[in-house]
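Reviewing the structure listed below.
Numbers for residues simply follow the sequence, beginning at 1. As the structure lists them, so they are numbered: ligands from 1, and atoms in each ligand from 1. Every heavy atom of this structure was used, including side-chain atoms; hydrogens, water molecules and symmetry mates were not.
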Amino acid sequence: MTMERRNFLKLLGAGAGVATLGLAGCATTNKAGARKVVVIGGGYGGTIAAKYLRMQDPSIEVTLIERNDHYVSCPFSNLYIGGLMPDLSSLTIKYDQLAANHGIKVVQAEVTGIDAKAHIVKTSAGDFPYEKCVVSPGIEFRTNEIKGYDDQIMPHAWKAGPQTVLLRKQLEAMKPGGTVVLSIPLAPYRCPPGPYERISMIAMYLKQNKPGSKIIVLDANPDIVSKKGLFLKGWKKHYQGIIDYRPAKKVTEVDNKNMTVLIEGIEEVKGDVINIIPPQKAGAIAHIAGLVGADGKWCPVRSFDFESRNHPDIHVIGDSSIAGAMPKSGYSANSEAKVCATNIVAMMNGRKMTEMSAINTCYSYLSAKEAVSVTGVYRVNASSQAIEAVPGSVGVSADLSETEAMYAESWIKNILVEMST
Ligand SMILES: Cc1cc2nc3c(=O)[nH]c(=O)nc-3n(C[C@H](O)[C@H](O)[C@H](O)COP(=O)(O)OP(=O)(O)OC[C@H]3O[C@@H](n4cnc5c(N)ncnc54)[C@H](O)[C@@H]3O)c2cc1C
């Protein structure tokens, strides 16, 4: 009996839903890639997947491929835009400690393709064979849906870094009494409460620094997508007359010269600073590698180990994946990475896979000192195989509070240390 056949039989004994769906994972292994896992993307999902793979089985060679030599966290970047942080240094991590502490090979390169059949990741620094591949490339923008869009004039600041700095500079340069326009795409997008936190932080900045200014919010969604009651309460308490929230307003075109946006090609709105958050899709490499599903946007995965529905031995986690009821958040990506790594190690060692159980908490600041949160626990429904929220587990904080802000600050410090060491 070959090793692969023995592993196959062990998986069959692993308990109903997991076992029967676990078979594709041990289908193919090329020799060059044996016991090698290549992780694409050094953000919230990729760093944790690489680390947990090595922690759970040091005999596996793990290569983490990331285009940049550092990573800037989107979580808390809204606070920088609101003027609560002098720069982005406290939100920036490097990879040297993570690599040294866990023996992860970190390669700074652009991933240009994945040969799923040959089990090879293609990059600007050469080819990397794998037994398993984890893909966590975040998001790309569907800018083709906004005619004329130019992120140097109307920044999105939805990938933290130079875009975030540009938006803050534009706010600082705006004259008092000016108008900020912020547009929100239809869900699903990265971080459901993120735009509403940003509105709060911009409103706070305007109140303190630009008297007489306002922010017009053009939300493509029919209503506030997350923590509605708490956001409305906070806006009433702190930003009366500053926030003009308009639901069901989808921006489809921009005029960069006249600093105007067009809603459904008809209604015009003018701004001094315009923050367009475009509609989104899985990271570009997920499209190139054929991991995207029928919707042409996101990657369907098997729910308990995040293996791609399109290609065996490639696992997609984080924002790019369709993870059922789990929101596209850094916390989710972190949870998914742990479940995915645990089950990859199990598969590579012919052990039983673990049932998926994941957590998400998203904090949002409403003012300099107060925050709110939403929390949920997620499991795989045994009959539908979909990731669902455990009934009764999803809830929001009771009120805006300084305690929630303390929790939030502790969360960001901890998770960035977890990702970088
Ligand atoms: C303003 C804002 C606030 C947010 N606040 C929160 C919050 O409070 N809490 C929370 O949980 N989440 C929050 N989020 C969401 C969170 O940032 C994302 O959900 C999270 O980053 C997703 O992780 P990921 O691993 O999928 O992608 P990312 O963290 O974006 O990582 C992707 C990495 O892949 C790399 N990459 C992509 N393609 C390639 C390639 N071809 N070659 C090499 N490298 C590549 C990128 O450079 C990047 O480093 C927020 C987001 C925004 C925009």
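- Taking every non-hydrogen atom of Lys328 and a distance limit under 4.0 Å, the qualifying atoms of ligand 1 come out as 19 (O).
- The side-chain hydrogen bond (donor to acceptor under 3.5 Å, both in side chains) analysis of residues 203-213, with sequence neighbours excluded, yields no pairs.
- Close approach of ligand 1 to Trp158 (heavy-atom distance below 4.0 Å) involves ligand atoms 1 (C), 53 (C).
- Nearest to atom 4 (C) of ligand 1 among the protein's heavy atoms is Cys191 SG, 3.5 Å.
- His102 has its side chain out of reach of Val62: every pair of non-hydrogen atoms, C-beta onward, lies at least 4.5 Å apart.
- Annotation: Ile40 places no N or O atom under 3.5 Å from an N or O atom of ligand 1; distance criterion only.
- Looking only at side-chain heavy atoms (C-beta outward), Lys328 and Tyr189 stay at 4.5 Å or farther from each other.
- Every atom of ligand 1 is numbered from 1 in the order shown, and the set under 4.0 Å from a heavy atom of Gly138 is 26 (O), 27 (O), 30 (O), 32 (C).
- Heavy-atom proximity to Trp411, at under 4.0 Å, picks out these atoms of ligand 1: 9 (N), 10 (C), 11 (O).
- Counting atoms of ligand 1 from 1 in the listed order, those under 4.0 Å from a heavy atom of Ala109 are 42 (N), 43 (C).
- Note on Lys233 versus Glu370: no salt bridge recorded, every NZ/NE/NH1/NH2 to OD/OE distance being 4.0 Å or above.
- For Glu131 (side chain) and Ala34 (main-chain N/O), no donor-acceptor pair under 3.5 Å exists by modelled atom type.
- Here Lys159 has no heavy atoms under 4.0 Å from ligand 1, in either its backbone or its side chain.
- Here the side chains of Trp235 and Leu366 are in contact, with some heavy-atom distance below 4.5 Å.
- Residues Ile359 and Tyr331 meet the side-chain proximity criterion, which asks for heavy atoms closer than 4.5 Å.
- Proximity to Arg198 (heavy-atom distance under 4.0 Å) selects the following atoms of ligand 1: 1 (C).
- Within the listing of ligand 1, atoms 24 (P), 25 (O), 26 (O), 31 (O), 32 (C), 33 (C), 34 (O) sit less than 4.0 angstrom from a heavy atom of Ser136.
- Counting only heavy atoms from C-beta outward, the side chains of Lys36 and His119 never approach each other to under 4.5 Å.
- For atom 41 (N) of ligand 1, the closest non-hydrogen atom of the protein is Val111 O, 3.1 Å.
- The six-membered or imidazole ring of Phe76 lies near that of Tyr365, with a centre-to-centre distance under 6.0 Å.
- Looking at Tyr363 against ligand 1, only its backbone comes within 4.0 Å, counting heavy atoms.
- Neither the backbone nor the side chain of Thr123 has a heavy atom within less than 4.0 Å of ligand 1.
- With Glu140 as the fixed residue, the salt bridge (Lys or Arg N to Asp or Glu O under 4.0 Å) test singles out one of Arg190, Lys281, Lys159: Lys159.
- Atoms of ligand 1 lying under 4.0 Å from at least one heavy atom of Ala333, given by number and element, are 23 (O).
- Note: an N/O pair closer than 3.5 Å links Gly45 and ligand 1 by distance alone.
- Ligand 1 has no nitrogen or oxygen under 3.5 angstrom from a nitrogen or oxygen of Glu197.
- For the pair Arg35 and Asp57, the minimum side-chain heavy-atom distance is below 4.5 Å.
- No donor-acceptor pair closer than 3.5 Å links the side chain of Tyr44 to the backbone N or O of Ser73.
- Counting heavy atoms from C-beta outward, Ile60 and Arg54 have side chains that stay 4.5 Å or more apart.
- Nearest protein heavy-atom contact of atom 52 (C) of ligand 1 is Cys74 CB, 3.3 Å.
- The nearest protein atom to atom 31 (O) of ligand 1, hydrogens excluded, is given as Gly43 CA, 3.3 Å; this is a heavy-atom distance.
- For atom 19 (O) of ligand 1, the closest non-hydrogen atom of the protein is Asp319 OD1, 2.8 Å.
- In this structure the side chain of Leu91 never reaches within 4.5 angstrom of the side chain of Thr164, judged on heavy atoms.
- Counting protein heavy atoms only, atom 23 (O) of ligand 1 is closest to Tyr44 CB, 3.5 Å.
- Regarding atom 38 (N) of ligand 1, its nearest protein heavy-atom neighbour is Arg67 NH2, 3.3 Å.
- Annotation: Asn78 places no N or O atom under 3.5 Å from an N or O atom of ligand 1; distance criterion only.
- With hydrogens left out, the protein atom closest to atom 46 (C) of ligand 1 is Glu66 OE1, 3.5 Å, a heavy atom.
- Here Pro75 has heavy atoms under 4.0 Å from ligand 1 in both its backbone and its side chain.
- Heavy-atom contacts from other residues, nucleotides or ligands closer than 6.0 Å to CZ of Arg379 number 12 or fewer.
- Residue Gly283 places every heavy atom at 4.0 Å or more from ligand 1.
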